[in-house]
2 protein chains.
Amino acid sequence: MNSKKTSANTCPIARSLAVLGDSWSILILRDAHAGLTRFDQFRKSLGIAPTILTRRLAMLTEEGLLEKRRYSEHPPREEYVLTEAGRDFLPVLFMIGTWGRQHRGDGKLVRFFDAETGTEIRPVTVDEVTGAKIGTRPIRVVMPNES
Amino acid sequence: MNSKKTSANTCPIARSLAVLGDSWSILILRDAHAGLTRFDQFRKSLGIAPTILTRRLAMLTEEGLLEKRRYSEHPPREEYVLTEAGRDFLPVLFMIGTWGRQHRGDGKLVRFFDAETGTEIRPVTVDEVTGAKIGTRPIRVVMPNES
DNA sequence: CGAGTATACTATCATATTGATAGTTAGTCA
DNA sequence: TGACTAACTATCAATATGATAGTATACTCG
């Protein structure tokens with residue numbers, strides 16, 4: 001996609017997509033949240049070609065979502081761990097998953113649990129101020145160059 | 001992307017991405033939520049090549065996120081409106097936008113308002129049951145074939 | 001020591017997808 | 001009639017993808 005001539009540079013959604021508008025990147029991030037850190041773990045989990053995986057990991061690292069870390073000097077081995085920006089991507093994953101669950105039928109599911117209490121999490125997006133659930137009230141989306 | 005051999009068929013995130021793992025589709029959906037319905041409106045707003053737009057609109061229609069509707073018989077003119085599944089995608093857009101706002105710097109912004117009260121909306125993802133904000137507590141992500 | 005294994009890649013290349021540009025169809029408006 | 005609008009389709013060069021094979025480094029076992 002060409003991010004120069006479009007509204008890409010002005011809208012936060014478009015800006016996000018410049019990094020994340022690719023299935024593999026999001027799937028890698030999903031797996032990273034599930035605890036995977038190593039090249040081969042991602043490769044096997046995703047069935048992705050190593051060429052593509054290399055590129056995606058490099059991109060996510062460059063963009064500050066993952067951090068490349070040497071976990072062994074002898075032999076030299078690298079792993080990829082989520083940065084804060086990467087961890088902050090979790091709500092997006094939650095909502096993508098929730099949408100898939102609602103509208104793409106139900107197979108087996110990725111599920112989210114509170115690590116301490118063990119209770120399952122049911123994510124919803126709400127307005128931080130009023131607490132009103134998004135989608136229950138009509139909304140006006142205002143683009144950058146409108147009033 | 002190849003959706004056959006991966007976990008694509010079992011995970012709701014992967015299933016969503018089969019339809020939405022493309023920047024243009026998400027941008028089209030964003031514009032649709034902003035009120036655009038017509039081919040040329042999307043084309044101008046996005047700066048997308050018409051060939052690609054045709055394909056994306058057809059795909060989103062086929063997948064049930066948009067509905068093609070004739071709004072004029074003479075001349076024959078079509079428009080694309082959001083279905084329920086398309087409207088349910090709003091929380092995903094919210095969270096993508098929120099992430100972009102936090103981590104991709106701040107230019108001009110797409111902003112969301114309550115259509116009735118006019119107040120600006122600050123979206124957060126929370127657990128529906130406890131109300132706890134996602135990202136503030138450690139989370140365990142469990143993949144389909146784990147215990 | 002040598003064979004086999006593990007991890008993290010890179011090289012190559014055929015095929016698929018994209019994006020830019022131009023052209024088409026069908027109708028309206030003056 | 002000629003200009004104009006909306007919604008496309010056709011063509012094609014450039015780019016990205018995915019499959020497969022190969023490489024580099026080090027460890028482990030007998």
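Everything numeric in this text was worked out from a predicted model, so none of it was measured. In the text below, chain A, chain B and the rest are named by the order of the sequence lines, each starting its count at 1.
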Can you give the donor-acceptor pairs under 3.5 Å from side chains of residues 48-55 of chain A to other protein atoms, not counting sequence neighbours?
| residue | atom | partner | partner atom | Å |
| --- | --- | --- | --- | --- |
| Thr54(A) | OG1 | Pro50(A) | O | 2.8 |

Given atom [atom1] of [X] and atom [atom2] of [N], what is their separation to the nearest angstrom?
| X | N | atom1 | atom2 | value |
| --- | --- | --- | --- | --- |
| Glu79(A) | dA6(C) | CD | C1' | 16 Å |
| Ile48(A) | dG18(D) | CD1 | P | 7 Å |
| Arg43(B) | dA22(C) | CZ | C1' | 13 Å |
| Met59(B) | dT17(C) | CE | P | 11 Å |
| Gln41(A) | dT7(C) | CD | P | 9 Å |
| Arg55(A) | dT10(C) | CZ | C1' | 11 Å |
| Leu57(B) | dA7(D) | CG | P | 10 Å |
| Leu53(B) | dA7(D) | CG | P | 10 Å |

Does Arg56(B) make a side-chain N or O approach to OP1 or OP2 of dT18(C) shorter than 4.0 Å?
yes

Do the side-chain N or O atoms of Trp24(B) get closer than 4.0 angstrom to the phosphate oxygens (OP1, OP2) of dT18(C)?
no

Under 4.0 Å from any atom of DNA chain C, heavy atoms only: list the residues of residues 61-72 of chain B that qualify, in numerical order.
none

Apply salt bridge (charged side-chain N to carboxylate O under 4.0 Å, His left out) to Glu128(A) and list each qualifying residue two or more places apart in sequence or on a separate chain.
Lys133(B)

With sequence neighbours excluded, tell me which residues meet salt bridge (charged side-chain N to carboxylate O under 4.0 Å, His left out) with Lys68(B).
none

Please tell me if the side chains of Leu46(B) and Ile28(B) come closer than 4.5 Å, counting only heavy atoms from C-beta onward.
yes

Report the C-alpha distance between Glu116(B) and Arg137(A) in whole Å, list the side-chain angles of each, state the deciding distance to 0.1 Å, and finish with yes or no for salt bridge (charged side-chain N to carboxylate O under 4.0 Å, His left out).
CA-CA 8 Å; Glu116(B) 283 167 28; Arg137(A) 296 176 57 78; 3.4 Å; yes

Using the closest heavy atom to pick a nucleotide of DNA chain D for each, name whichever of Ile52(A) or Arg77(A) lands nearer the 5' end.
Ile52(A)

Say whether, by atom type as modelled, one donor and one acceptor occur between the side chain of Asp127(B) and the main chain of Arg122(A) under 3.5 angstrom.
yes

May I ask you to decide if Met59(A)'s main-chain N or O and Glu63(A)'s side chain share a donor-acceptor pair within less than 3.5 Å?
no

Could you tell me whether Tyr80(A) contacts a base, only the sugar-phosphate backbone, or nothing, with contacts defined as non-hydrogen atoms closer than 4.0 Å?
sugar-phosphate

What's Arg38(A) touching, base or sugar-phosphate or nothing? Going by heavy atoms closer than 4.0 Å.
sugar-phosphate

Consider only side-chain N and O atoms of Ser45(A) and Asp31(A), and report whether a donor and an acceptor are under 3.5 Å apart.
yes

Holding to ring-ring contact (aromatic ring centres under 6.0 Å, His included), I want the full list of residues that pass it with Phe89(B), two or more places apart in sequence or in another chain.
Trp99(A)

Which nucleotides of nucleotides 9-15 of chain D have their base under 4.0 Å from a protein heavy atom (B), which only their sugar-phosphate (S), and which neither (-), written as one string 5' to 3'?
BBB----

